[in-house]
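Worksheet for the structure shown next.
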Amino acid sequence: MLGKPLEYWLALAGATIWIAARDAESEALGRRVAKIVASAALTVGLSPSVADYFNVSEIWVVVAIMAFGLVILDMLTALIHDQPLIRDLMRAWLGRE
């Protein structure tokens, strides 16, 4: 299936199930599904390049991207939604206090 071994897809499925169950009580279903789809798509797209770069198995890369990629996506989403922080960062970057 798409040139990947069964272990790759099992690792992806396991990480996806873990993400789905992780915030089941606190997040709406639509938001969880969107995060899962985005994280899985990024994982499938990035895993070959990351595995080649670090010279490790794609299966380990799948687990790492799904685990840490979701944390990074959550942090970026929080930063984007924090408009006062963005405004302060832009002012500091432009040299205006």
Side-chain angles (χ1 to χ4, degrees):
M1 182 191 317
L2 297 176
K4 305 284 185 196
L6 178 62
E7 292 85 3
Y8 177 90
W9 297 111
L10 289 173
L12 184 66
T16 301
I17 292 167
W18 175 76
I19 290 171
R22 195 183 91 182
D23 294 326
E25 303 84 28
S26 62
E27 284 189 335
L29 179 62
R31 182 176 170 92
R32 282 195 337 247
V33 169
K35 286 170 61 173
I36 290 167
V37 169
S39 185
L42 285 170
T43 300
V44 171
L46 291 174
S47 64
S49 299
V50 174
D52 287 345
Y53 184 78
F54 288 107
N55 198 25
V56 295
S57 168
E58 273 190 76
I59 296 167
W60 288 110
V61 172
V62 165
V63 174
I65 292 175
M66 288 291 281
F68 300 114
L70 186 64
V71 171
I72 292 168
L73 287 173
D74 282 341
M75 287 187 335
L76 288 174
T77 302
L79 283 173
I80 290 169
H81 287 136
D82 190 355
Q83 292 177 358
L85 174 65
I86 292 173
R87 199 172 316 128
D88 291 343
L89 289 173
M90 291 299 289
R91 286 181 180 150
W93 184 63
L94 293 172
R96 300 177 186 161
E97 291 297 321

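It should be emphasised that the depicted structure is a prediction, and the values quoted were computed from it without experimental measurement.
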## Note on the structure
Closest heavy-atom pair, S57 versus A51, reported as atoms and distance to 0.1 Å, is C-CB, 4.3 Å
#### Entry: side-chain contact (heavy atoms from CB on, under 4.5 Å) assessment of I86 paired with L79
CA-CA 7 Å; I86 292 173; L79 283 173; 5.8 Å; no
### Summary
Closest heavy-atom pair, M66 versus S39, reported as atoms and distance to 0.1 Å, is SD-OG, 3.3 Å
### Query
Are Y53 and I65 co-members of a hydrophobic cluster defined by side-chain heavy atoms under 4.5 Å apart?
yes
### Query
Are L89 and W93 close enough that some pair of their side-chain heavy atoms sits under 4.5 Å apart?
no
### Task
Can you measure from CD1 (I17) to CG (L12) and round to the nearest 0.5 angstrom?
10.0 Å
### Message
With clusters defined by side-chain heavy atoms of hydrophobic residues (ILVMFWY) lying less than 4.5 Å apart, directly or transitively, does I36 cluster with I72?
### Response
no
#### Entry: 4.5 Å side-chain heavy-atom contact, V44 and W9
yes
### Message
Looking at every heavy atom in both V62 and S47, which two are closest together, and how far apart are they?
### Response
CG2-CB, 4.3 Å
### Query
Do V37 and W18 share a hydrophobic cluster, counting only Ile, Leu, Val, Met, Phe, Trp and Tyr and linking them when any side-chain heavy atoms are less than 4.5 Å apart?
no
### pair S49-E58: side-chain heavy atoms closer than 4.5 Å
no
#### Entry: Shared hydrophobic cluster for V61 and L46 (ILVMFWY, side-chain gaps under 4.5 Å)
yes
### Query
In terms of hydrophobic clustering (I, L, V, M, F, W, Y; side-chain heavy atoms under 4.5 Å; direct or indirect links), are L10 and I59 co-clustered?
no
### Query
OG1/T77 to CZ/R31 distance, rounded to the nearest 0.5 angstrom?
6.5 Å
